[in-house]
Amino acid sequence: MAKKAKVKKTNDERILDQHQITYRETRFDWVTNGEQALTEAEAEGIPSKSILKTIVLKGSDSSQDYLVVCLPLEYEINLKRIANELGKKQIHLADNKKLLSITGYVHGANTPIGINVRKGFPIYFDVRIKSFEEISVSAGKVGRSVRLKQADLLKLVQGKYLEIG
């Protein structure tokens, strides 16, 4: 019988291990497979609305005014609403070309775990995820995610709920 190749953990999985947070690795390439990946997730019993995308935003207050919002893949963000709720004049999407230098991750691999631990950016979660005990976020590598208890993730990244959509 052939040995199963050992998968190298991502830095974000190591962070979860250090904090003794239980998680399950999942492999769905949301970025390039989109709807197919959501269908595969649903077939495995993972509700699509519990799978979150991580979006990096830039406030207009200073050159270092970044924040992160996490919301279900199928929803859109409302920048005006977010700015209003946070008391900011304006909020913009961070420049995709600069994401690696801003967060340490490429587009499609941004994760609230590493961004908060390494950069200290504030993390906000869409209020619509409150009904899910478990959620999925990127593991810090395109095509890899971690599924964990919502409460554990919010505590780790000091996340707050926000009306994002």
Side-chain angles (χ1 to χ4, degrees), residues 9-19 21 23 25-26 28-34 37-38 48-130 132 134-165:
K9 289 189 176 195
T10 66
N11 288 335
D12 293 76
E13 290 167 333
R14 286 189 205 88
I15 291 168
L16 293 172
D17 290 343
Q18 289 169 355
H19 287 85
I21 295 174
Y23 64 92
E25 179 195 338
T26 56
F28 299 108
D29 191 347
W30 321 111
V31 176
T32 56
N33 289 345
L38 288 175
S48 63
K49 286 183 173 61
S50 72
I51 301 165
L52 309 184
K53 58 185 170 184
T54 302
I55 301 174
V56 181
L57 301 175
K58 170 127 178 37
S60 58
D61 297 343
S62 78
S63 63
Q64 297 302 309
D65 185 21
Y66 291 103
L67 61 123
V68 173
V69 296
C70 299
L71 70 157
L73 287 172
E74 54 204 57
Y75 293 140
E76 298 293 322
I77 61 173
N78 182 324
L79 296 174
K80 283 186 179 183
R81 176 181 275 170
I82 295 169
N84 193 32
E85 287 209 26
L86 295 176
K88 295 185 178 286
K89 291 179 185 174
Q90 288 185 317
I91 298 245
H92 307 280
L93 294 172
D95 186 345
N96 268 347
K97 294 175 187 160
K98 296 180 181 176
L99 276 179
L100 185 58
S101 65
I102 296 168
T103 66
Y105 297 93
V106 297
H107 176 73
N110 279 290
T111 170
I113 300 164
I115 292 173
N116 179 263
V117 170
R118 289 189 190 89
K119 300 290 186 171
F121 295 169
I123 310 290
Y124 298 95
F125 292 90
D126 192 309
V127 295
R128 293 173 285 196
I129 69 161
K130 281 186 175 183
F132 295 102
E134 288 189 326
I135 55 176
S136 296
V137 294
S138 173
K141 184 175 181 182
V142 175
R144 285 197 35 202
S145 298
V146 288
R147 185 136 185 98
L148 68 162
K149 289 187 177 176
Q150 179 187 161
D152 290 343
L153 179 60
L154 264 78
K155 183 178 177 184
L156 174 67
V157 302
Q158 300 158 4
K160 295 182 174 96
Y161 292 108
L162 191 67
E163 294 240 3
I164 294 173

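Listed by first and then second residue, the side chain to side chain donor-acceptor pair (under 3.5 Å) pairs that reach into residues 68-78 are S48-E74, K49-E74, sequence neighbours excluded.
A distance-only check finds a donor-acceptor pair linking the side chain of S101 to the backbone of K98 [under 3.5 Å]. Listed for the N110 side chain is no donor-acceptor partner under 3.5 Å among the backbone atoms of T54. A donor-acceptor pair under 3.5 Å is formed between the side chain of R14 and the backbone N or O of K9. Of the possible polar contacts, none joining the E85 side chain to the I82 backbone as a donor-acceptor pair under 3.5 Å is found. Between the side chain of T111 and the backbone N or O of S138 there is at least one donor-acceptor pair closer than 3.5 Å. Looking at T10, its side chain does come within 3.5 Å of a backbone N or O of A139 through a donor-acceptor pair.
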Point to revise | Audit row: L52, F125, side-chain contact (heavy atoms from CB on, under 4.5 Å) steps and yes/no | key: CA-CA 9 Å; L52 309 184; F125 292 90; 3.9 Å; yes
Practice item. Apply side-chain contact (heavy atoms from CB on, under 4.5 Å) to the pair E13 and R144, showing each step before the final yes or no. Key: CA-CA 10 Å; E13 290 167 333; R144 285 197 35 202; 2.6 Å; yes
Check your understanding: When you look at V56 and L99, which way does the side-chain contact (heavy atoms from CB on, under 4.5 Å) test go after all the steps?
Key -> CA-CA 8 Å; V56 181; L99 276 179; 3.9 Å; yes
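Using a 4.5 Å cut-off on side-chain heavy atoms (C-beta onward), L154 and I123 make no contact. Side-chain atoms of K58 and D95, non-hydrogen and from C-beta on, never get closer than 4.5 Å to each other. Put simply, the side chain of V157 does not reach to within 4.5 Å of the side chain of V68, judged on heavy atoms. By the 4.5 Å heavy-atom criterion applied to side chains, F121 and L67 are not counted as neighbours.
Checking I113, I21, T26 one by one against V146, the side-chain contact (heavy atoms from CB on, under 4.5 Å) holds for a single residue, I113. In summary, of the residues considered (I55, L71, V69), a side-chain contact (heavy atoms from CB on, under 4.5 Å) with Y124 occurs for V69 alone.
Scored by the side chain to side chain donor-acceptor pair (under 3.5 Å) test, Y161 finds Q150 as partners (sequence neighbours excluded). Take S50 and apply the side chain to side chain donor-acceptor pair (under 3.5 Å) test, not counting sequence neighbours, and it matches R147.
Residues A94 and Y66 approach most closely at CB-CE2, 4.3 Å, considering heavy atoms.
Remark: K141 NZ is loosely packed, at most 12 non-hydrogen atoms of other residues, nucleotides or ligands lying under 6.0 Å away.
A side-chain N or O of D17 and one of Y23 form a donor-acceptor pair less than 3.5 Å apart.
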